[in-house]
Amino acid sequence: FGEFSSRLSSRDELPESVKTPLAAAGELSGVVVQNDSSIVYHEVNPALAEQGVIFADFDTAIAEHPELLQKYFMSEEIVPAGDNKFAALHGAFWTTGTFVYVPANVEVELPFRAFATLSTPGIGTFFHTLIVAEENARVTFIDYCQSETLSAESITDNVVELHAASGAELRYIQIQDWGRHVWNFHTQTGVVHQDAAIKTLNVALGSQLSKGMISSTLAGPGSQAEMLGLFFADEDQHIDHQTRQFHQSPYATSDLLFKGTVKDQARTVFSGTIKVAPKAHGTDSYQANRNLSLSPKARIDTMPKLEIEANDVRCTHGATISQIEEDYIFYLMSRGINRTEAEKLIVDGFFDEVIERVPVESVQETVRTAIDKKIGYLI
C-alpha cells in the first residue's frame with residue numbers, strides 16, 4: 001500500500017487485506033478506501049448522482065459542495081470542536097474524510113462502505129465522517145478500520161457526525177480492528193429530529209487502547225435512537241466506552257445495549273448516561289451493559305447513570321458482570337467439544353443478541369469471524 005502516492009483506478013490494484021472483505025461485502029452503493037491519511041480509491045453508483053446523492057471525499061466535497069460542509073461540519077448541533085479534548089485535537093489536525101448526503105425522500109437501498117487501513121508506522125490520522133439524511137431519506141453506512149500491528153506506535157483520532165432530518169432513517173456501523181500499535185480515539189454523535197431514527201453499531205476489537213465517546217441527541221418529538229455495541233479485549237488491551245443518550249424533546253425513545261467480553265489481563269470500561277432535559281416529558285429510554293469475563297486477572301468497570309430533569313418518563317438502566325459457569329463448560333466438553341470451542345460457543349451466544357439486530361448479513365459474518373479469532377478458535 002505504501003508504494004501508492006496517488007489514487008488507484010480499479011479494485012484489482014487494492015491489497016488483499018482490502019479486496020477480501022470488499023468482495024465479501026457483496027453489492028454496494030459506493031466504496032471509499034483510505035490508507036494512512038489519504039483517500040486511495042473511490043467508487044460510487046452513478047445512478048445515485050442523478051437522484052442528488054453525494055458520496056465524496058472531503059477534498060471533492062469542499063470544492064463542489066462548500067455550502068453543505070459549512071452548515072454541518074463540526075457544527076454546534078452535532079460535534080463542536082469543544083465537545084471533548086480529542087474532538088478539539090481532531091478539529092485542529094483533520095486531514096480528509098468521507099461525506100454522504102442523501103436528499104429528501106430518497107432511499108439508498110444498498111449500503112455505502114468505507115475501509116481504513118494503516119501501512120506507515122508512527123503516524124497520526126484524523127479521519128472525518130459526515131452523513132446527512134434529509135427529510136424521509138434512508139441510508140446505511142459501514143466503516144471498517146483494520147491494520148496489522150506495525151513497528152511504531154500510532155494514533156487515530158476520528159470524528160463521526162450523523163444528522164437525520166424529520167422522518168429520516170440512518171444506520172451507521174463501525175468495526176474497529178486496528179493493530180496493537182494503535183492508540184484509538186473516536187467521537188461519534190447522532191442528532192435525530194422529529195419522527196426520525198438513527199441506529200448505530202460500534203464494534204471494538206483491536207488497538208492497544210481504544211476510547212470511544214458515542215452519543216445520541218434526541219432533538220425532535222417521536223425521534224428514535226438505537227445504540228448497539230460489542231467489544232472484546234484480550235492480552236493487555238484497554239477498551240473504554242463513554243455513551244450518552246440526551247433527550248432534548250418530549251416523546252422520544254432511545255435503546256442502548258453494549259455487550260463486552262474480556263480475557264487474559266485486559267481491561268474494559270463502560271460509562272453511560274441517560275440525560276433527560278426539563279421539558280422532555282414522555283421520554284422512554286433504556287440502557288444496558290452486559291459483561292462476560294473469561295479470566296480472573298481481567299478487569300471490568302461499568303458505570304450506568306441517570307440524569308432526569310422531567311417527570312412522566314420511563315428510564316431504566318443496568319449493568320452485569322459474570323464469568324462463564326464451569327458447569328456450562330463441563331456440559332459441552334462432556335459432549336466431545338474441547339474447551340476453546342466450548343468457550344467460543346458460549347461467547348457467540350452471548351454476542352448474538354446484538355449481532356442479530358443488525359440486518360446486514362456481511363456485517364454479521366465479519367463480526368463473528370473476528371470474535372472467533374479473538375477467542376483463539378481460528379488460528
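- A continuous path of Ile, Leu, Val, Met, Phe, Trp and Tyr side chains, each step under 4.5 Å between heavy atoms, connects Ile62 with Leu68, placing both in one hydrophobic cluster.
- Side-chain contact between Phe58 and His128: present, with at least one pair of heavy atoms (C-beta onward) separated by less than 4.5 Å.
- Looking at Ser119 and Asn35, their side chains do bring a donor and an acceptor atom within 3.5 Å of each other.
- Residues Ile300 and Ser293 approach most closely at CD1-CB, 4.0 Å, considering heavy atoms.
- Ser285 and Ser254 are linked by a side-chain donor-acceptor pair at a separation below 3.5 angstrom, with hydrogens and angles left out of the test.
- Under a 3.5 Å cut-off, the side chain of Gln208 and the backbone N or O of Asp236 do form a donor-acceptor pair.
- Under 3.5 Å, the side chains of Asn311 and His281 contain a donor-acceptor pair of N or O atoms.
- Nearest approach of Gly122 to Ser154, heavy atoms of both residues: N-OG, 3.2 Å.
- No donor-acceptor distance shorter than 3.5 angstrom exists from the side chain of Thr369 to the backbone of Thr366, with no hydrogens or angles considered.
- You'll find the side chain of Thr117 stays beyond 4.5 Å of the side chain of Gln34, heavy atoms only.
- In this model, no donor atom of one side chain and acceptor atom of the other lie less than 3.5 Å apart for His163 and Glu161.
- Using a 4.5 Å heavy-atom cutoff, the side chains of Val32 and Ile39 are in contact.
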Before giving the answer on side chain to side chain donor-acceptor pair (under 3.5 Å), spell out for Asp36 and Thr120 the whole-Å C-alpha distance, their side-chain angles and the decisive distance to 0.1 Å.
-> CA-CA 7 Å; Asp36 295 338; Thr120 305; 2.7 Å; yes
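- Screening residues 57-79 for salt bridge (Lys or Arg N to Asp or Glu O under 4.0 Å) gives Arg7-Asp57 as the qualifying pairs, with residues at least two apart or on separate chains.
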Would you give me the side-chain donor-acceptor pairs under 3.5 Å for residues 141-152, sequence neighbours excluded?
{"residue": "Asp143", "atom": "OD2", "partner": "Tyr172", "partner atom": "OH", "Å": "2.5"}
{"residue": "Ser147", "atom": "OG", "partner": "Gly179", "partner atom": "N", "Å": "3.1"}
{"residue": "Thr149", "atom": "OG1", "partner": "Arg180", "partner atom": "N", "Å": "2.9"}

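- Under the salt bridge (Lys or Arg N to Asp or Glu O under 4.0 Å) criterion, the residue pairs touching residues 213-233 are Glu226-Arg357, with sequence neighbours excluded.
- A 4.5 Å side-chain heavy-atom check between Met213 and Arg244 finds every atom pair outside the cut-off.
- In terms of modelled atom types and a separation under 3.5 Å, the side chain of Ser38 and the main chain of Val40 share no donor-acceptor contact.
- Judged purely by atom type and a 3.5 angstrom limit, Thr60 has no side-chain atom pairing as donor or acceptor with the backbone of Ala56.
- No donor-acceptor pair closer than 3.5 Å links the side chain of Gln242 to the backbone N or O of Ile214.
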Applying side chain to side chain donor-acceptor pair (under 3.5 Å), run through Ser215 and Thr189 and close with a yes or a no.
-> CA-CA 5 Å; Ser215 64; Thr189 297; 3.0 Å; yes
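- Aromatic ring pairs are classed by plane angle as parallel below 30°, tilted from 30° to 60° and perpendicular above 60°; the pair Phe258 and His241 is perpendicular.
- Grouping the Ile, Leu, Val, Met, Phe, Trp and Tyr side chains by contacts below 4.5 angstrom, directly or via other members, places Val347 apart from Phe330.
- A cation-pi geometry, defined here as NZ or CZ lying under 6.0 Å from the six-membered ring centre and within 45° of its normal, holds between Lys259 and Phe350.
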Test side-chain contact (heavy atoms from CB on, under 4.5 Å) applied to Asn338 and Met333, step by step | CA-CA 6 Å; Asn338 64 46; Met333 292 180 68; 6.0 Å; no
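- Using a 4.5 Å heavy-atom threshold, the side chains of Ile346 and Ile329 count as touching.
- Placement of Leu209 and Trp178 in two distinct hydrophobic clusters is found when ILVMFWY residues are connected by side-chain heavy-atom separations under 4.5 Å, directly or transitively.
- Looking only at side-chain heavy atoms (C-beta outward), Val79 and Phe73 stay at 4.5 Å or farther from each other.
- Applying the salt bridge (Lys or Arg N to Asp or Glu O under 4.0 Å) rule to pairs touching residues 304-320 yields Lys275-Glu307, Lys275-Glu309, Asp284-Arg314, sequence neighbours excluded.
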Take Val159 and Gln188, measure what side-chain contact (heavy atoms from CB on, under 4.5 Å) needs, and give me the verdict at the end.
-> CA-CA 6 Å; Val159 167; Gln188 174 185 316; over 6 Å; no
Evaluation steps, salt bridge (Lys or Arg N to Asp or Glu O under 4.0 Å), between Glu326 and Arg339 | CA-CA 10 Å; Glu326 282 299 321; Arg339 186 178 185 91; 2.8 Å; yes
Show the numbers, then the answer: is there a ring pair (Phe, Tyr, Trp, His ring centres under 6.0 Å) between His317 and Tyr286?
-> CA-CA 6 Å; His317 70 310; Tyr286 177 75; 9.8 Å; no
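- The salt bridge (Lys or Arg N to Asp or Glu O under 4.0 Å) pairs that include a residue from residues 97-124 number zero, where partners must be two or more places apart or lie in different chains.
- Counting heavy atoms from C-beta outward, Trp183 and Ser207 have side chains that stay 4.5 Å or more apart.
- In terms of heavy atoms, Gln237 sits closest to Phe232 at OE1-O, 3.8 Å.
- A donor and an acceptor atom, one from each side chain of Tyr41 and Glu43, are located under 3.5 Å apart.
- In summary, Asp372 and Lys344 engage in a salt bridge, as defined by a charged side-chain N under 4.0 Å from a carboxylate O.
- There is a side-chain donor-acceptor pair under 3.5 Å between Thr302 and Asn289.
- Looking at every heavy atom in both residues, Ala310 comes nearest to Val276 through CB-CG1, 4.0 Å.
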Decide side-chain contact (heavy atoms from CB on, under 4.5 Å) for Thr217 and Gln248; before the verdict, give the C-alpha distance in whole Å, the side-chain angles of both, and the deciding distance to 0.1 Å.
-> CA-CA 7 Å; Thr217 300; Gln248 293 181 335; 3.5 Å; yes
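- Both Phe127 and Val100 sit in one connected hydrophobic cluster of ILVMFWY residues. Membership requires side-chain heavy atoms under 4.5 Å apart, directly or through other members.
- Looking at Arg267 and Asp301, a side-chain N of the basic residue comes within less than 4.0 Å of a carboxylate O on the acidic one, giving a salt bridge.
- No donor-acceptor distance shorter than 3.5 angstrom exists from the side chain of Asp352 to the backbone of Ile355, with no hydrogens or angles considered.
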Worked check of side-chain contact (heavy atoms from CB on, under 4.5 Å) between Val102 and Val139 = CA-CA 7 Å; Val102 184; Val139 64; 3.8 Å; yes
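- Taking all atoms of both residues into account, the shortest heavy-atom contact from Ala137 to Pro103 is CB-O, 3.4 Å.
- Judged by distance alone, the side chain of Thr283 and the main-chain N or O of Val313 form no donor-acceptor pair under 3.5 Å.
- Annotation: side-chain hydrogen bond (donor to acceptor under 3.5 Å, both in side chains) contacts of Asp195 (sequence neighbours excluded): none.
- A salt bridge links Glu356 and Arg368; the closest N-O separation between the charged side-chain nitrogens and carboxylate oxygens is under 4.0 Å.
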Step by step, would you call Lys211 with Asp240 a salt bridge (Lys or Arg N to Asp or Glu O under 4.0 Å)?
-> CA-CA 5 Å; Lys211 186 176 183 66; Asp240 183 327; 3.3 Å; yes
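- The two atoms that bring Asp157 and Phe86 nearest to each other are OD2-O, 2.7 Å, heavy atoms only.
- Val354 and Ile175 fall within a single hydrophobic cluster, where Ile, Leu, Val, Met, Phe, Trp and Tyr are joined by side-chain heavy atoms under 4.5 Å apart, directly or via other members.
- Looking at heavy atoms from C-beta onward, Gln174 lies out of side-chain contact with Thr200 at the 4.5 angstrom threshold.
- If you check the side chains of Ser210 and Asn184, you find a donor sitting under 3.5 Å from an acceptor.
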